[in-house]
Amino acid sequence: MSEEIRNTFISHIHENDEGVSHLKGLLKRHGLVARNYSITTEKFNRATDENYIKSGILAPRIKAASTLVVYISPETKESEWVNWEIEYAHKQGKRIVGVWERGERDCEIPEALERYGDALVGWHGESIIDAINGDSDNWYKKDGDQWGRRSIKRYSC
């Protein structure tokens with residue numbers, strides 16, 4: 001199987017760095033290499049000025065990516081940074097895909113993902129790749145049942 005390479009920005013909280021690594025591995029096993037432009041502990045920066053971090057570090061990386069992938073764990077919803085990254089990606093016309101953390105059953109999605117997301121999928125390599133490539137705009141609960149995007153507001157995992 002030949003590998004496809006995609007420039008992505010995986011929006012997440014730093015506590016989920018290991019999960020992001022697993023996500024990249026899952027995609028690679030299914031033939032997609034996700035070149036992740038987000039900040040991780042492997043690519044950490046020491047900047048402290050919020051405006052500089054947004055305009056000088058995050059914005060150029062989001063612009064360079066074709067897709068913003070949001071790694072959804074229980075803490076993701078509360079992250080101001082994740083919501084900012086989603087909103088910025090939306091303003092740049094980027095495709096925005098939510099991916100449920102593997103095995104997670106008890107969380108809500110970030111508000112910006114609810115407003116601007118193109119797809120929301122579970123921990124299934126082919127489904128994630130279809131969503132990243134724009135071949136699917138489906139929204140799925142973690143149990144695999146499909147749901148309409150407008151019903152998300154009332155849904156809590």
Side-chain angles (χ1 to χ4, degrees), residues 3-102 104 107-140 142 149-150 152-153:
E3 292 180 339
E4 176 184 358
I5 298 174
R6 280 291 218 166
N7 295 336
T8 60
F9 185 101
I10 303 176
S11 183
H12 67 289
I13 59 172
H14 285 295
E15 292 81 3
N16 292 140
D17 279 354
E18 185 177 342
V20 168
S21 181
H22 291 300
L23 174 60
K24 288 172 58 181
L26 174 67
L27 295 175
K28 186 170 182 146
R29 287 190 300 278
H30 284 83
L32 185 133
V33 175
R35 219 182 271 151
N36 180 16
Y37 287 3
S38 68
I39 304 295
T40 65
T41 51
E42 296 169 353
K43 300 182 275 180
F44 195 70
N45 74 78
R46 300 210 184 282
T48 57
D49 180 89
E50 184 175 324
N51 290 328
Y52 171 73
I53 294 169
K54 288 178 178 178
S55 65
I57 298 174
L58 297 176
R61 291 170 183 234
I62 293 169
K63 285 180 183 179
S66 61
T67 305
L68 182 106
V69 176
V70 182
Y71 185 90
I72 304 169
S73 70
E75 299 81 17
T76 308
K77 180 180 180 11
E78 302 305 320
S79 172
E80 292 178 24
W81 290 98
V82 168
N83 277 293
W84 181 87
E85 291 163 353
I86 295 166
E87 289 173 6
Y88 187 79
H90 170 71
K91 290 175 186 171
Q92 299 302 308
K94 303 296 179 181
R95 182 158 181 80
I96 301 169
V97 174
V99 177
W100 294 113
E101 177 180 52
R102 182 178 186 180
E104 176 50 49
C107 65
E108 295 181 45
I109 66 172
E111 291 176 22
L113 179 62
E114 182 179 319
R115 283 193 305 272
Y116 304 122
D118 294 299
L120 177 60
V121 295
W123 195 263
H124 183 263
E126 292 173 13
S127 297
I128 298 168
I129 291 170
D130 284 348
I132 288 171
N133 288 335
D135 296 332
S136 169
D137 288 337
N138 293 328
W139 284 69
Y140 288 96
K142 286 187 271 181
R149 196 171 167 183
R150 297 296 162 225
I152 290 173
K153 236 179 192 152

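Predicted, not measured: the structure shown is a model, and the values here were computed from it.
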Quick one: sort the His12 and His14 rings into parallel, tilted or perpendicular, breaks at 30° and 60°.
perpendicular

Check whether any side-chain N or O of Arg95 sits under 3.5 Å from a backbone N or O of Ala119 as a donor-acceptor pair, and report yes or no.
no

Salt bridge or not for Lys54 and Glu50, using N-O below 4.0 Å?
yes

Distance col, row Ile57:CD1 vs Tyr52:OH, nearest 0.5 angstrom, shows 4.5 Å

Taking the six-membered ring for Trp, are Tyr71 and Trp123 parallel (under 30°), tilted (30 to 60°) or perpendicular (over 60°)?
perpendicular

Looking at CD of Glu87 and CZ of Arg115, how far apart are the two atoms once the value is rounded to the nearest 0.5 Å?
5.0 Å

So does Ser73 get a backbone contact from the side chain of Thr76, meaning a donor-acceptor N/O pair under 3.5 Å?
yes

Please check: side-chain N/O of Lys94 versus main-chain N/O of Ala65, any donor-acceptor pairing under 3.5 Å?
yes

Inspect the surroundings of CD in Glu111 and state if more than 12 heavy atoms from other residues, nucleotides or ligands are less than 6.0 Å away.
no

Neighbour count above 12 (heavy atom, 6.0 Å) for Glu126 CD:
no

Short side-chain to backbone donor-acceptor contact, Ser38 and Ile10, under 3.5 Å
yes

Between Asp118 and Val97, is there a donor-acceptor pair closer than 3.5 Å when you use the side chain of the first and the backbone of the second?
no

Determine yes or no for a side-chain-to-main-chain donor-acceptor pair under 3.5 angstrom, with Asp130 supplying the side chain and Asp135 the backbone.
no

